[in-house]
Protein chains: 2
Amino acid sequence: MARIADKRIAFLLTNGFEDSELTAPWEAVTAEGATATLISPEAGEVTGKNGFTQSVDLVSASVDAADFDALVLPGGVVNADHLRMDDHAVAFAKDFFAQHKPVAVICHGAWILTEADVVRDRTMTSYPSLATDLRNAGAHWVDEEVVVDAGFVSSRTPDDLPAFCAKLVEEVEEGAHAGQTV
Amino acid sequence: MARIADKRIAFLLTNGFEDSELTAPWEAVTAEGATATLISPEAGEVTGKNGFTQSVDLVSASVDAADFDALVLPGGVVNADHLRMDDHAVAFAKDFFAQHKPVAVICHGAWILTEADVVRDRTMTSYPSLATDLRNAGAHWVDEEVVVDAGFVSSRTPDDLPAFCAKLVEEVEEGAHAGQTV
């Protein structure tokens, strides 16, 4: 039975992403019936740090969070470092919080959320190198496999993907959360 | 005439550094007579993002800022992301500020300084992706080729290296600065 058959999930990333942090959640949400869309600053293809390649469906300048039900932010240090400098990507990510929609972020993916200034007073985790940046941005950073704070899902590394993907599907199924906000 | 013949300059980095951000300042200080030492978390060799390789002289667990006159922090996103997670490297970098000694940082190198919590109320620049992290850590971030704040030298990218290297040599020649502190 497809648990999230009517849901549209945005994946926001660029080159240098952690391959499994795209492929595992993508497979998890599509296996449950959702439609997944790969969004990136430039059209064409994106390539992960380990060589996995996938076509870009939409560019960040042309998308609207209103057209999606949830957002996934894979990690990879180069991906995350570049993505945070794309103003369209930052605004798009911020709008999911403004619209109370689930956001799932793993590894280095959270840098764009410090740029969007949406982590203040939220409980979350990340790759450990970002802990100070997230705390300085106002987050309550904790070292756990997966953290769920009112529709905001976060994990640390690819090792956490099974727990991350399970919570992602669960939060998408639940839909909007009042506490998931800017 | 060697302007800084008696000075000992520490270069702190790990794999994935921006090659020219090691080689250019290394050449600049040694050409003026200083002794340069490459310090890294692990012994052996370090390799830059573009393939340049150099031997590690000392490991971060065994060094003392008291044995050096200045610190250089090259960039490269992978280098900087890893280096900030080495507690010995963070403490070593922090001690240069505590001892009022010149510190020169370029590109992504500044992440370790947010970890060391030494940028509060300091004027500086960096690769633009770090601007929010540095502001959140209390820095006055500006977009300039090179910034000098009381012995604290910072630049943005390899394009800034000529100005960065000139100011590095100048600050090392001047020695300790009272305003260069934690």
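Naming: A, B, ... by sequence-line order, numbering from 1 per chain.
- Counting non-hydrogen atoms of other residues, nucleotides and ligands closer than 6.0 Å to CD of A/E170 gives a total above 12.
- Looking only at side-chain heavy atoms (C-beta outward), A/D133 and B/N136 stay at 4.5 Å or farther from each other.
- Atom NZ of A/K7 has more than 12 heavy atoms from other residues, nucleotides or ligands within 6.0 Å.
- In this structure, B/P128 and A/M85 have side chains that are in contact, with non-hydrogen atoms separated by less than 4.5 Å.
- Residues B/V77 and A/H82 fail the side-chain proximity criterion, which asks for heavy atoms closer than 4.5 Å.
- A 4.5 Å side-chain heavy-atom check between B/T132 and A/W111 finds every atom pair outside the cut-off.
- Linking Ile, Leu, Val, Met, Phe, Trp and Tyr residues whenever their side-chain heavy atoms come within less than 4.5 Å places B/L12 and B/V119 in a single cluster.
- The environment of CG in B/D57 is crowded: more than 12 heavy-atom neighbours from other residues, nucleotides or ligands sit within 6.0 Å.
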